Each structure stands twice: as C-alpha cells, then as structure tokens.
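Counting starts at 1 for both ligands and their atoms, following the listed order. Because the structure is predicted, anything quoted here is derived from the model rather than measured.
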Amino acid sequence: MIVTESLSKRYPRVTALDRLSVDIAPGVTGLVGANGAGKSTLIKILLGLAPATEGTAHVLGLDVTKDGGAIRERVGYMPEHDCLPPDVSATEFVVHMARMSGLPPTAARERTADTLRHVGLYEERYRPIGGYSTGMKQRVKLAQALVHDPQLVFLDEPTNGLDPAGRDEMLGLIRRVHTDFGISVLVTSHLLGELERTCDHVVVIDGGKLLRSSATDEFTQVTTSLAVEVTDTDAHPDGTAALRTALAGAGVAVTAGAPGSESLASAGRLLYVEAAGDDTYDLVRDTVAGLGLGLVRMEQRRHQIAEVFRDADAAQTTPAAPATPAAPATPGAPGAPAAPAAPTREGGAHDVA
Ligand SMILES: Nc1ncnc2c1ncn2[C@@H]1O[C@H](COP(=O)(O)OP(=O)(O)OP(=O)(O)O)[C@@H](O)[C@H]1O
C-alpha cells in the first residue's frame, strides 16, 4: 500500500526524514515516534502535499511526486491540528467535504449521515462544531476523512487531547474502520501502548530514521522471564521481598519493578524471574511453598513495544542525557519493567500509555 525508498526531507535547520525505507501492507499500521520524529512530515509527503528532498514514495502504486491528486482521491486524511470551522454543523461540514471529493449532492448527504452515525455523532451533528468537546471534534475529523469511501486513511494523532475513555473509544472506532469497511489505516501516535492494542503492524521512527518495522505480535513475543506474584503472611508481611531474597539466595536472577501491561492493583508486587528452563518453575513453586506464601500467579511475560524504545535509548544514552526514571534500563534485561523511556531527542520524551 505504501512503499518508500531512502526518503529524506531536509529543512534548513533540521532533517525531518532521513533515508526512510518502509513497505506497508494493507491492514491497520501504527506509525510511532516521539514529538518531532517526522510522522506528520511523512504523511504530508505521502499525500503529495510536500515534496521530499530525495528518495521515492508510492501510495497505492501511485507516485507521490506526480500523482498527488489521484492519491488524495483514494486516501482520506485526518490532520493533527484543529482545522474545523466553528460556526457550521458537523453535517454541513462533512457534506461540504464529500462534495469537494466529487460526490453528487444526494450521495454526499447520505454518506455524511452514515459516516457521522458510524463515528458516534447523532443529534448533535446539527449543532455548530464550535460547541463540541474535543472527542466530538476528533470524530468529525475522522468522519470527513472517511466520507468519500477511501481505500486508505492517514490518521495523524487521532487520540490527542482525549481522556482515557475517549481514547479507548477512538481506538475501537479506528479498528472498526478496517474490520467493518475494509479501509486500511496508517495511524500515528506517540503513545506506545495504544498502538500495541490497535495495530497489526507497527513502524517506529526516531529522528526521521527507521528504528523498526514489524508485526505487532513480533514486538510482543513471549520472553524467557516469568512474572510472579505472591501473597503476604503474618510471618512475611512483605511476601514479595521475602521471595525475592530467597530466590536471589538460590542464584536466580530476579528483578522487581512497576509492571507495564499488568493491572495497577499488582503494581510493585510483581517479581520478574529469569527462567533458565522448567526447573525454574519448580524452584519458584518450592520456594513460595517453603516460605508459606500463597502463589497468586506465575506466568510468562510478553515484551511490550515500549521496550524497543527503552533498548534503543539505552544504547544511545549519553552522560548529558536527562535522568531516566528510577527503573533500571539495562538493554535486553528480560525482567526490566516497561518504564517510560528516556527522551531520545531534545524535548522529545516518549509517553507510555
Ligand atoms: N515546515 C517546516 N519547516 C521547518 N521545520 C519543520 C517543518 N515541518 C516540520 N519541521 C521539523 O521537522 C521535524 C519533524 O516534524 P514532524 O511534524 O514531522 O514531527 P512529528 O513526528 O509529526 O511530531 P508532532 O507530533 O510533534 O507533529 C521537527 O523537528 C519539526 O520541527
């Protein structure tokens, strides 16, 4: 669907894209990177709205340098910035955008009603947009990107400004754009966790360079470490600490830390144990039993996308870099928690959802 080869974009003072080569298949693809990583620049080049400095890019087989108009007919675009007119209703605005895309008046009205219903705007669609919440405005922006029934949509930071519930709803909508209508999606975000749940494939860029492009489940492969949670007892009021000491005494590599995907209720209570083989399971079980603790869970842990950043950051860390959070950031340490990564570029701290 999207192929770039050695694509670069240089502004006088900054290189926004640096020899980026990606090949993106149909489905839902996340483009993730910190603020300033080059995500919006890539989208503008792919739409034929900004020229690349060098390299090539094709969208749906069309060349971005020659076929910008044809690409924009087939591709929907939800921009990052607030671009909605405040004094017209969602219906008027989306009908207008449908007409601009070439739909005849009746089809434009019908498609608008369907699309606004699909994104969850009902009676309020007749009210002026200026009075809408951020979540409603994001839905209008999504609707105008879909109204002309594109093959592919580019969604630039669609969850920006939304609270956690609004973010979940928007992510669900994005997933359904593909499952219900067969429209492929390229969605950008600086929130790593949300792409993990929504996308089939994730492309990670930093400083305009490709860090990694993989299927989401390759990012989240099972690791060789076990997440272990135990209860406290009168004899061991801090069961986690007691188990940690006992396992360390038995020569097992143990790491504690704030969990990533695990529930907040478990925060601080998990131990990550490096599993050398089946013997490690037996050793953990026997140690827990020997201490008289209850075993709440023992499960294989999965990688999180955040670790791609953490490992890359650890490799690049310089003495001048701002301090990382308290969690250890040893490259490849299987038990290390998915803590927020250190900023990799000036002002560009990564968020972890
Ligand atoms: N028109 C421009 N002129 C000069 N520099 C620009 C221009 N547009 C973007 N840049 C710079 O290029 C880099 C990449 O910007 P871009 O907007 O593509 O990043 P991004 O990943 O989309 O981040 P954000 O989500 O913050 O917009 C940034 O350093 C930005 O300041």
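When each atom of ligand 1 is checked for a heavy atom of T41 under 4.0 Å away, the hits are 14 (C), 15 (O), 16 (P), 18 (O). Near A37, with a cut-off below 4.0 Å to any heavy atom, the atoms of ligand 1 are 19 (O), 20 (P), 21 (O). In summary, the atoms of ligand 1 found under 4.0 Å from a heavy atom of E157, numbered by their order in the structure, are 25 (O). Using a 4.0 Å cut-off to heavy atoms of A16, the atoms of ligand 1 that qualify are 12 (O), 13 (C), 14 (C).
The closest donor-acceptor contact from the side chain of T134 to the backbone of L162 lies at 3.5 Å or more, if one exists at all.
With salt bridges taken as basic N to acidic carboxylate O contacts below 4.0 Å, none links D114 and R111. With salt bridges taken as basic N to acidic carboxylate O contacts below 4.0 Å, none links R175 and D180. With respect to the salt-bridge test (charged N to carboxylate O, under 4.0 angstrom), the residues E54 and R19 do not qualify.
Taking NE2 from H118 and CZ from R139, the interatomic distance works out to 10.0 Å, rounded to the nearest 0.5 Å.
Within the structure, ligand 1 has A34 among the residues with a heavy atom less than 4.0 angstrom away. Ligand 1 has no atom lying under 4.0 Å from any heavy atom of G33.
If you look at V14 next to ligand 1, the close heavy atoms, those under 4.0 Å, all belong to the side chain. Contacts between E80 and ligand 1, counted as non-hydrogen atom pairs separated by less than 4.0 Å, involve the side chain only. Contact annotation for R13 and ligand 1: no heavy atom of the residue comes within less than 4.0 Å of the ligand.
No hydrogens or angles considered: a donor-acceptor pair under 3.5 Å links the side chains of H201 and S213.
No more than 12 heavy atoms of other residues, nucleotides or ligands sit less than 6.0 Å from atom CG of D278.
The closest non-hydrogen atom to atom 19 (O) of ligand 1, taken over G38, P12, G208, comes from G38.
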